[in-house]
K.L.:
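What follows is a structure written as C-alpha cells; I'll ask about it next.
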Amino acid sequence: MAPAGDPAGAVSLNGRTMPATIVTWTFAPDWLTPGQAAALLGWDEAAMLALIDQAAIVAEDFGPAGWLIEKRGLREYRDALWEVLSDDPQD
C-alpha cells in the first residue's frame, strides 16, 4: 500500500510509490489483503470489508491471517462496476 498522502490508487512496489496501473495489477499477488485491494482501486479498506460482507467479491477467511481477496475477482468486480456506471451507450 502507498503511504498516506499519495494519490488514490497509488501502490508501493519495491519501495517506490506508483499509481495503480496495469503493471501494478499484473504484479500484485493473486490473493490480496483488504488494504492491498483498496490501494489498487483507490478506495479505503472499509469499502473492501463492506464488499466482502455483501459477498460482492471473492474472498476467503484465512483465520489469523484475516481476509484475503482474489485479485481476478476484484478486477472482474471493477470492470462490471465500470460498465454499469459508464455513460457509454451499448447499442
Side-chain angles (χ1 to χ4, degrees):
M1 233 169 23
D6 282 326
V11 295
S12 179
L13 182 64
N14 296 331
R16 302 175 83 177
T17 300
M18 302 172 59
T21 64
I22 193 165
V23 173
T24 53
W25 274 86
T26 300
F27 289 104
D30 290 335
W31 289 91
L32 307 158
T33 66
Q36 290 169 325
L40 282 175
L41 292 179
W43 297 357
D44 62 17
E45 193 170 337
M48 294 295 102
L49 295 173
L51 290 176
I52 291 170
D53 189 49
Q54 298 168 3
I57 54 177
V58 178
E60 295 286 332
D61 185 358
F62 284 90
W67 285 99
L68 292 180
I69 298 167
E70 183 187 37
K71 178 176 70 172
R72 182 180 58 182
L74 183 65
R75 186 175 52 243
E76 290 171 357
Y77 177 83
R78 179 203 62 188
D79 293 347
L81 185 62
W82 180 84
E83 281 187 38
V84 169
L85 298 177
S86 174
D87 290 336
D88 297 334
Q90 297 293 323
D91 295 312

K.L.:
Check for me, please, whether Leu32 and Trp43 land in the same ILVMFWY cluster - side-chain distances under 4.5 Å, paths through other members count.
P.N.:
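Yes.
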K.L.:
Going by the salt bridge (charged side-chain N to carboxylate O under 4.0 Å, His left out) test, which pairs reach into residues 55-66, not counting sequence neighbours?
P.N.:
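Every candidate salt bridge (charged side-chain N to carboxylate O under 4.0 Å, His left out) pair involving residues 55-66 fails, so no pair, neighbours aside, qualifies.
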K.L.:
Hydrophobic clusters here meaning ILVMFWY residues chained together by side-chain heavy-atom distances under 4.5 Å, can you tell me if Val58 and Ile69 are in one?
P.N.:
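No; tracing contacts between hydrophobic side chains, which count when under 4.5 Å, never links both residues.
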K.L.:
Is there a continuous path of hydrophobic side-chain contacts, each under 4.5 Å between heavy atoms, that joins Leu68 to Ile52?
P.N.:
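No, Leu68 and Ile52 fall in different hydrophobic clusters.
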K.L.:
Sub-3.5 Å donor-acceptor pair from the side chain of Lys71 to the main-chain atoms of Trp25, do we have one?
P.N.:
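Between the backbone of Trp25 and the side chain of Lys71 there is a qualifying donor-acceptor contact (under 3.5 Å).
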K.L.:
Quick one: pull up CD in Gln36 and CD in Glu45 and give me the separation to the nearest 0.5 Å.
P.N.:
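It is 10.0 Å, given to the nearest 0.5 Å.
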K.L.:
Has Leu85 got more than 12 heavy atoms of other residues, nucleotides or ligands less than 6.0 Å from its CG?
P.N.:
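More than 12 heavy atoms, drawn from other residues, nucleotides or ligands, come within 6.0 Å of this atom.
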K.L.:
Decide whether Leu51 and Trp67 are clustered together by the hydrophobic rule: side chain heavy atoms of Ile, Leu, Val, Met, Phe, Trp, Tyr closer than 4.5 Å, transitively.
P.N.:
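They do share one cluster, since a chain of ILVMFWY contacts under 4.5 Å joins Leu51 to Trp67.
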K.L.:
Look at the side-chain heavy atoms of Ile, Leu, Val, Met, Phe, Trp and Tyr, link any pair under 4.5 Å apart, and say whether Leu41 and Ile57 land in one connected group.
P.N.:
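Looking at the clustering, Ile57 is in the same group as Leu41.
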